[in-house]
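In what follows, a single structure is set out as structure tokens and then discussed.
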Amino acid sequence: MRALTVEIILLSSFITLSALGQNSNKKGYVVTHNGDTLSGWIDYKNWGKNPQQILFKKDSLTSNAVKFSFADITYFEITGLDKYVKAIVEKDIRPVDQYQLVQGTENMTVSDTVFLRQIVSGSKIDLYELVDTKPHFFIKQADGPFRELSYKVFINERGNIVTQKNYINQLRAVVGNNEMPASLENKINTASYKEQDLRSAIVAINKKDGLVYYVTGKTGGGRIKAALFAGIGGGYSSLQFKGKQHYMEKMSYSGGFSPYLSVGMDLAEQRNLQALFIRLELCYYSTGYKGEGATTSNLTDTANIILKYQLKQQNISPSLSVLYSFINKEHYKIYAGAGVAYNFSSYPENKLTTIKPGDISKEFKDFIVPSKHWVSINATLGMRITKHFDAAIKADFYGSFTNYPVFSLNSNVYTAQLRWFFL
């Protein structure tokens, strides 16, 4: 019942806070058509498709936002995250989805005004991305025009699906007729029409005879960012008995304080708000449980037997959680999610004591044999405060550490946790 209450609280909090909106003001600036630079805050939306307009504030605390579109600005940057430049481009609108393919290889292009996301800036060549109905990648050399890297998928006269990777020859042409290092040639020839591969190839082309000024994601590595952390905390553990067992079913159970230590990492896409992320965690906690009760007299045994049960449990628990930040602000974000843990348990104390009239007592060590390996399900509601601090409450609301067919011991662990991220 207590576990259900915690779940309801977490869900209610999620719904209530979600209603406040997913607004995230990030530091940045815009460049207007007359060359003025305006510093302030941009409502960064983690755009899956390139934006056509943005909301800009000079002060993050004000409620008045200015809407900027192609007609107003030529460039904007969200500090440390993304750079966008206005461009008029010729883009290929030929579909690449296998269920929408058309026959023939004729060009299908349109002119469009867009904000291109910059991926690489170098002394020889730049790389940009546009995502609308499909991903497009553009290159630009010095003062030259934006040119789309050509990638076509079509149906030939025999009804077969054919892929043309024309962008490979385009990249080779940028290098020119000079001798190409084997490593660079391999990067170009094996590059897929994806950001990571094209970014790596463009960086290598620039480094061959020049410099790299900027790579999205700061380091130019993969899109996944790992943030390491260590944590401490504590909470309360309760125990619930279900099923039939002559002595165990006659007791009421109570738990106690559980100290909590953890290390782990959060994994999220590097350039976005990291709204959806995965948490890999290894935690240690110990707890103790007590049971008290008595048997009732019957025809075969007229004496009431007092029952006492003591169990101490120590756990090392690797876990995986999927979490989502439904509130993203400049100085904090609030998240919720669920996960699963695999528990490695030891039991330094596990005994049942029976006390008959006359204070005649008897101890049964390992009266039941609990599992050393078991699975638990958890829910988390937390707040990331600045870049380094994280506070969360966590409920392990499902998990049985017994394997008996007719009864089970189920633990519920509720903890408050503080984490420090090493950034």
Side-chain angles (χ1 to χ4, degrees), residues 10 13-14 17 22 24 26 44 46 48 78-82 194-196 199-200 215-235 258-286 314-345 373-399 413-423:
L10 288 176
S13 300
F14 183 94
L17 291 171
Q22 182 74 326
S24 179
K26 297 291 184 181
Y44 182 58
N46 182 24
I78 303 95
T79 305
L81 291 168
D82 277 331
K194 297 178 180 178
E195 178 184 338
Q196 184 173 351
R199 178 178 58 202
S200 179
V215 179
T216 185
K218 296 181 182 179
T219 62
R223 293 179 71 132
I224 302 302
K225 177 182 178 181
L228 302 177
F229 65 80
I232 59 173
S258 299
Y260 186 97
L261 299 173
S262 69
V263 293
M265 68 174 68
D266 285 355
L267 300 174
E269 190 177 9
Q270 186 162 228
R271 73 174 184 85
N272 64 15
L273 289 175
Q274 299 162 27
L276 181 66
F277 61 100
I278 293 174
R279 175 167 292 169
L280 302 176
E281 188 171 25
L282 179 66
C283 72
Y284 167 82
Y285 67 95
S286 63
Q314 297 176 339
N315 298 296
I316 296 176
S317 305
S319 64
L320 184 150
S321 300
V322 178
L323 305 168
Y324 180 74
S325 300
F326 51 91
I327 297 292
N328 275 292
K329 299 294 184 180
E330 175 61 23
H331 298 295
Y332 70 91
K333 63 180 181 179
I334 301 175
Y335 63 86
V340 59
Y342 191 84
N343 304 279
F344 298 89
S345 301
H373 311 97
W374 53 288
V375 175
S376 58
I377 306 297
N378 57 69
T380 299
L381 176 65
M383 175 183 288
R384 184 75 174 269
I385 308 167
T386 73
K387 292 183 177 180
H388 292 286
F389 286 103
D390 180 284
I393 55 173
K394 182 179 179 183
D396 290 80
F397 54 85
Y398 173 83
V413 184
Y414 312 97
T415 56
Q417 306 158 10
L418 291 175
R419 295 180 178 84
W420 171 267
F421 283 83
F422 303 94
L423 296 176

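Values below: all heavy atoms of this structure, side chains included; hydrogens, waters and symmetry mates excluded.
The CG atom of L280 sits 10.5 Å away from atom CG of L228, with the distance rounded to the nearest 0.5 Å. The distance from atom OG of S325 to atom CZ of R384, rounded to the nearest 0.5 Å, is 9.0 Å. Between the OH atom in Y284 and the CG atom in N315 there is a gap of 8.5 Å [rounded to 0.5 Å]. Here CZ of R279 is found 5.5 Å from CG of L323. Values are rounded to the nearest 0.5 Å. Between the CD1 atom in I232 and the CG atom in L418 there is a gap of 6.0 Å [rounded to 0.5 Å]. We find the CG-CD1 distance between L381 and I393 to be 5.0 Å, quoted to the nearest 0.5 Å.
Considering every non-hydrogen atom in both L282 and P318, the closest pair reads CD1-N, 3.8 Å. For F421 against D390, the heavy-atom pair with the smallest separation is CE1-CB, 3.5 Å. The two atoms that bring T380 and Y335 nearest to each other are CG2-CE1, 4.0 Å, heavy atoms only. Nearest heavy-atom pair across S319 and A341 is CB-CB, 3.7 Å. Closest approach of G234 to Y260, counting heavy atoms only: N-CB, 4.1 Å. Contact between Y285 and S317 at its shortest, heavy atoms only, is CE2-OG, 3.9 Å.
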Take W420 and F389 through the test ring pair (Phe, Tyr, Trp, His ring centres under 6.0 Å) and record every step on the way to the result. CA-CA 5 Å; W420 171 267; F389 286 103; 5.0 Å; yes
Between K394 and Y414, is the side chain to side chain contact (heavy atoms under 4.5 Å, CB included) condition met? List the steps. CA-CA 6 Å; K394 182 179 179 183; Y414 312 97; over 6 Å; no
Verdict with supporting geometry, V322 and L276, side chain to side chain contact (heavy atoms under 4.5 Å, CB included): CA-CA 7 Å; V322 178; L276 181 66; 4.0 Å; yes
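A side-chain donor-acceptor contact under 3.5 Å links N343 to the backbone of W374.
Partner of Y342 under the side-chain contact (heavy atoms from CB on, under 4.5 Å) criterion, chosen from L320, I316, V375: V375.
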